[in-house]
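Notes follow the structure.
Naming: A, B, ... by sequence-line order, numbering from 1 per chain. Because only heavy atoms are used, hydrogens play no part in the values below, and waters and symmetry mates are left out as well, while side chains stay in.
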Protein chains: 2
Amino acid sequence: MGILRKTKSVKILLEEFDKKSSAISAITLVERLASELNKTTVYRVLDKLEEDKVLHSFLGKNGHKWYAKCNGCSVSGHQDSHPHFQCSDCGKVDCLSTDVLIPKIPNRKVDVSQVLLQGKCEECYV
Amino acid sequence: MGILRKTKSVKILLEEFDKKSSAISAITLVERLASELNKTTVYRVLDKLEEDKVLHSFLGKNGHKWYAKCNGCSVSGHQDSHPHFQCSDCGKVDCLSTDVLIPKIPNRKVDVSQVLLQGKCEECYV
DNA sequence: TTATATTTGCAACTCAGTTGCATTAGTATT
DNA sequence: AATACTAATGCAACTGAGTTGCAAATATAA
């Protein structure tokens with residue numbers, strides 16, 4: 001069903017993703033926008049923006065939810081097949097354009113692949 | 001520090017992993033062993049078995065914790081670099097021996113890679 | 001401007017996983 | 001075999017991300 005109305009909440013959320021290109025965790029958004037939006041609203045709007053393929057979501061290293069803007073992934077089902085990189089120092093998460101090749105797995109049909117790489121990002125990499 | 005004493009709990013837990021070769025979620029173990037072991041104990045023993053590199057852990061599709069026996073991964077840091085496969089039908093999770101090649105990422109140092117594939121397993125694949 | 005349905009906020013809830021603490025039970029020593 | 005020591009366990013209460021139900025607010029169409 002997705003977004004039907006252009007509300008204040010939708011605008012506020014989208015602005016956050018326009019500010020910076022890296023992914024943002026749901027927790028961060030809830031905290032950051034606490035004075036403007038209710039926690040429930042944040043989660044619900046994020047859900048809808050994902051349905052509308054404006055954002056895509058994935059799980060970070062603790063199993064917490066992260067969101068990032070969709071770029072080219074709206075075409076073929078937008079199942080973010082690109083890998084994500086989380087810095088073990090600063091915690092920042094980025095979408096990687098470098099593709100990870102998933103080999104054919106015998107006797108199994110792979111529909112979705114989640115790749116989360118962890119290490120040091122360009123800024124924390126000494 | 002790891003396991004120091006061979007207790008009833010350790011034995012019960014290890015027996016579960018001997019029964020079947022696929023991975024088992026912490027939740028499943030807590031439920032299944034509820035009459036014999038306390039929830040807290042299950043989580044604590046799993047933790048220690050992981051420290052001892054008897055088991056390795058990873059996150060399933062909902063961000064819930066899964067454990068599986070370590071095979072060859074005790075040698076080089078046991079960071080389970082092998083991918084895991086979760087069936088979207090029956091929910092079963094297996095360790096895959098097929099390796100996923102992680103390409104060099106420019107300006108970043110990759111330490112850990114988590115690959116979770118989802119689809120239909122051999123039994124649910126029609 | 002009104003009618004209608006979607007969004008929002010609030011409070012209370014769910015549930016995986018954790019923590020503090022008193023009790024129990026392995027293990028080493030005598 | 002009894003003792004002392006310390007790790008492991010159970011319990012109850014907690015934490016925190018995410019969800020749900022419902023009444024009030026607000027965007028949109030008529």
> Taking OP1 and OP2 of D/dT9, is either one under 4.0 Å from a side-chain nitrogen or oxygen of B/N38?
Replying inline: no
> Which residues within residues 7-18 of chain A lie with some heavy atom under 4.0 Å of an atom in DNA chain C?
Replying inline: A/T7, A/S9
> For DNA chain D, which residues in residues 27-37 of chain A have a heavy atom at a distance below 4.0 Å?
Replying inline: A/I27
> Residues in side chain to side chain donor-acceptor pair (under 3.5 Å) with A/T98, at least two apart?
Replying inline: none
> Given B/H84, which of B/Q118, B/H56, B/Q114 fulfils the side chain to side chain donor-acceptor pair (under 3.5 Å) condition?
Replying inline: B/H56
> From A/I27 CD1 over to A/H64 NE2, what is the distance, rounded to the nearest 0.5 angstrom?
Replying inline: 4.5 Å
> For A/D94, does its backbone N or O pair with a side-chain atom of A/S22 as donor and acceptor, under 3.5 Å?
Replying inline: no
>> What's B/K39 touching, base or sugar-phosphate or nothing? Going by heavy atoms closer than 4.0 Å.
In response: base
>> Measure CZ/A/R44 against P/C/dG9 and give the value in whole Å, please.
In response: 9 Å
>> Could you walk me through whether B/D18 and B/K69 satisfy the salt bridge (Lys or Arg N to Asp or Glu O under 4.0 Å) test, starting with their C-alpha distance in whole Å, then the side-chain angles of each, then the deciding distance to 0.1 Å, before giving a yes or no?
In response: CA-CA 9 Å; B/D18 283 337; B/K69 254 184 294 185; 3.4 Å; yes
> Of all the nucleotides listed (C/dG9, D/dG18, D/dT6), which has the minimum atom distance to the side chain of A/K65?
Replying inline: D/dG18
>> Would the distance check show the side chain of B/E50 and the main-chain N or O of B/S57 forming a donor-acceptor pair, the cut-off being under 3.5 Å?
In response: yes
>> Apply salt bridge (Lys or Arg N to Asp or Glu O under 4.0 Å) to residues B/K8 and B/E36 and explain how you reach the verdict.
In response: CA-CA 10 Å; B/K8 189 191 75 175; B/E36 307 172 76; over 6 Å; no
> To the nearest Å, how far apart are B/Y43 OH and D/dG10 P?
Replying inline: 15 Å
> If each of A/K6 and B/T40 is mapped to the nucleotide of DNA chain D with the nearest heavy atom, which maps nearer the 5' terminus, i.e. the 5' end?
Replying inline: B/T40
>> Using whole Å, what does the distance between atom C1' of nucleotide C/dA16 and atom CG of B/N62 come to?
In response: 11 Å
>> What's the angle between the local helix axes at either end of the helix from C/dT1-D/dA30 to C/dT30-D/dA1, using five pairs per end and rounding to 10 degrees?
In response: 30°
>> Tell me every residue that passes salt bridge (Lys or Arg N to Asp or Glu O under 4.0 Å) with A/K61, counting only those two or more places apart in sequence or in another chain.
In response: none
> Whole-Å distance between D/dT19 C1' and A/D47 CG?
Replying inline: 10 Å
> Rounded to the nearest 0.5 Å, how far apart are SG of A/C70 and NE2 of A/H82?
Replying inline: 7.5 Å
>> So that I can tick it off, tell me whether B/K120 and A/D111 are bridged by a salt bridge, with the cut-off set at under 4.0 angstrom between side-chain N and carboxylate O.
In response: no
> Over how many whole Å does the gap from B/L59 atom CG to D/dA17 atom C1' extend?
Replying inline: 14 Å
> Atom CZ of A/R5 to atom P of D/dT26: distance rounded to whole Å?
Replying inline: 12 Å
> When the distance from OH of A/Y67 to C1' of D/dA17 is rounded to whole Å, what number comes out?
Replying inline: 12 Å
> Got a sec, which residues hit side chain to side chain donor-acceptor pair (under 3.5 Å) with A/R32, two or more places apart in sequence or on another chain?
Replying inline: A/E16
